[in-house]
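Scroll down for the structure; my scribbles are underneath it.
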2 protein chains.
Amino acid sequence: MVALMPRVTEAHLAARRQQILEAAWRCFARNGFHGTSMQDIFEESGLSAGAIYRYFPGKIDLVQATAESVTGDIAEVFDLIDAIEPVPDPPATFRLVIERIVSAIADGEVDRSRIAVHVWSEALREPQVGVLAREVGRAVRDRWVPIAARWRAAGHMPADSDPAEVARLMYGLMVGFVLQRQLLGDITPAQYLDGFSSLFRGGEQS
Amino acid sequence: MVALMPRVTEAHLAARRQQILEAAWRCFARNGFHGTSMQDIFEESGLSAGAIYRYFPGKIDLVQATAESVTGDIAEVFDLIDAIEPVPDPPATFRLVIERIVSAIADGEVDRSRIAVHVWSEALREPQVGVLAREVGRAVRDRWVPIAARWRAAGHMPADSDPAEVARLMYGLMVGFVLQRQLLGDITPAQYLDGFSSLFRGGEQS
């Protein structure tokens with residue numbers, strides 16, 4: 001019993017932390033970081049201020065933890081792709097990224113991709129959010145650079161293509177999917193992937 | 001003199017209306033629609049409440065006029081492309097759209113593409129903004145459908161490609177450019193177009 005106690009406590013701490021985070025995510029998805037107060041999070045979680053402050057001393061700590069969680073989930077998807085040999089062609093790679101990111105970020109307890117749309121706006125108004133949002137955005141975009149280099153080496157891209165520019169395009173496609181999904185609400189991964197495939201294969205025709 | 005009077009007055013009215021709109025755009029670009037009050041617009045424009053209410057009875061009228069102005073400028077770009085025979089290939093078309101939209105929407109007196117980022121977030125929280133933002137978003141995306149159909153007819157897209165899905169991708173690329181420009185601030189049309197061209201020509205290699 002004594003030997004088991006710390007493990008049980010650790011699991012309990014982690015579960016409680018996750019419970020608070022998910023309550024915060026529901027608030028952030030509804031109203032953004034700026035529009036959410038600690039009071040909103042107390043109410044959403046049903047926990048006392050004291051219970052929450054033990055894990056997250058301030059709202060910025062919740063914002064930071066949210067950024068880390070999203071970045072971590074996205075990194076897992078890219079780690080998977082980096083490990084596939086040979087590199088899948090662009091449509092197959094994009095399929096992996098879109099499908100897995102939707103299932104990791106959007107299909108969970110809370111659709112965290114909805115938070116992203118609020119964060120983009122807040123990043124332009126609040127310097128502290130701006131620093132975090134740019135960090136996450138650049139980290140995601142940078143993951144496309146080695147993939148584009150591998151596409152080029154495998155003959156899926158012209159020899160004169162610049163992986164850094166291809167990364168800009170792929171990142172643009174990712175956020176363009178998130179925005180359409182949240183704003184227009186009428187897009188499935190399959191539709192977007194069909195469009196991508198048409199564009200990529202289009203080069204064969206002309 | 002008498003014959004000229006109405007014309008002079010009309011020009012004056014239009015100039016005054018534009019002056020108010022541009023003051024509102026500076027406020028909207030900084031703080032979004034929600035974060036801007038009519039008081040902010042009085043101060044920004046240096047005009048009295050009475051002078052402004054004559055043109056725009058409420059903030060929603062300014063929001064509506066902003067949406068119409070952006071939609072109008074974007075429509076002009078697409079009208080131009082619709083008139084080109086034969087249809088330019090996808091990289092040439094995308095170049096026209098990105099370069100002209102940047103010069104019409106972003107390089108003017110106020111960068112209205114910055115307003116877009118705030119609007120996306122507000123659209124998820126405020127139903128009235130949501131209706132307007134979805135209208136603009138769908139109108140822009142729909143303009144890509146006939147272009148994609150012409151690409152397919154001209155052999156720039158596979159025969160089995162669906163113009164509606166290609167439109168989703170092209171719209172995603174447009175908003176992905178706007179977001180990167182505002183959030184990461186380190187992207188030029190030329191870089192993005194290089195990435196697009198590499199992806200499109202990539203299909204020739206594999």
Side-chain angles (χ1 to χ4, degrees), chain A residues 30-32 35 89-90 114 117-125 130 133-134 137-138 141 148 151-152 154-158 160-162 164-177 179-180 182-185 187 191-206, chain B residues 30-32 35 89-90 114 117-125 130 133-134 137-138 141 148 151-152 154-158 160-162 164-177 179-180 182-185 187 191-206:
Chain A
R30 264 198 308 271
N31 292 314
D89 70 11
R114 192 177 182 88
V117 178
H118 295 310
V119 168
W120 298 335
S121 163
E122 289 172 359
L124 306 189
R125 287 181 297 161
R134 274 189 293 280
R138 293 220 172 91
R141 192 175 66 180
W151 284 341
R152 188 178 60 185
H156 299 307
M157 290 279 142
D160 65 353
S161 62
D162 181 338
E165 314 303 27
V166 175
R168 287 185 158 88
L169 198 86
M170 298 307 298
Y171 176 71
L173 281 171
M174 286 174 79
V175 300
F177 179 76
L179 195 267
Q180 269 177 93
Q182 297 297 336
L183 179 68
L184 304 184
I187 188 164
Q191 292 175 319
Y192 207 56
L193 292 162
D194 273 0
F196 184 88
S197 190
S198 293
L199 183 74
F200 181 72
R201 290 183 300 137
E204 296 165 29
Q205 329 281 316
S206 36
Chain B
R30 265 199 307 270
N31 292 316
D89 70 9
R114 193 179 181 87
V117 178
H118 295 310
V119 168
W120 299 334
S121 163
E122 288 172 1
L124 305 189
R125 287 181 296 161
R134 274 189 293 279
R138 292 222 172 89
R141 191 174 67 181
W151 283 342
R152 188 179 59 185
H156 298 307
M157 290 279 142
D160 64 355
S161 63
D162 180 339
E165 314 304 26
V166 175
R168 287 186 158 89
L169 198 86
M170 297 308 298
Y171 176 71
L173 281 171
M174 286 175 79
V175 299
F177 179 75
L179 197 266
Q180 269 178 92
Q182 295 299 336
L183 180 69
L184 304 184
I187 188 164
Q191 290 174 319
Y192 207 55
L193 292 162
D194 274 0
F196 184 88
S197 190
S198 292
L199 184 74
F200 180 72
R201 291 184 299 138
E204 297 165 29
Q205 330 281 315
S206 38

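Quick caveat, the model's predicted, so the values are computed rather than measured. Numbers restart at 1 for each chain; the letters A, B, ... are given by sequence-line order, proteins then strands.
Contacts with chain A were tallied for B:G155, B:G35, B:G203; B:G203 has the most, counting heavy-atom pairs under 4.5 Å. Between chain B and the residues A:M170, A:E122, A:R141, the most heavy-atom pairs under 4.5 angstrom are made by A:R141. With chain A as partner, the option from B:V117, B:D160, B:V166 having the largest number of non-hydrogen pairs under 4.5 angstrom is B:V117. Of all the listed residues (A:M157, A:E204, A:Q191), the one sharing the greatest number of non-hydrogen pairs under 4.5 Å with chain B is A:Q191. When each of A:R201, A:Q180, A:Q182 is checked for heavy-atom pairs under 4.5 Å with chain B, A:Q180 comes out on top. Ranked by heavy-atom pairs under 4.5 Å with chain B, the first of A:D194, A:L173, A:L193, A:V119 is A:L173.
Under the 30°/60° scheme for interplanar angles, the aromatic rings of A:F177 and A:Y192 are found to be tilted.
Residue B:S121 holds its OG atom at 7.0 Å from CZ of A:R125, rounded to the nearest 0.5 Å.
Every residue two or more places apart in sequence or in another chain was checked for a salt bridge (charged side-chain N to carboxylate O under 4.0 Å, His left out) with B:R134, and none qualifies. For B:R152, there are no salt bridge (charged side-chain N to carboxylate O under 4.0 Å, His left out) partners two or more places apart in sequence or in a different chain.
Contact of B:L179 with chain A is made through the side chain alone, with heavy-atom distances under 4.5 Å. Residue B:D89: no heavy atom, backbone or side chain, is found under 4.5 Å from chain A.
Ion pairing between B:R168 and B:D162 fails under the 4.0 Å rule for side-chain N and carboxylate O.
Closest approach of B:V175 to A:G176, counting heavy atoms only: CG2-CA, 3.6 Å.
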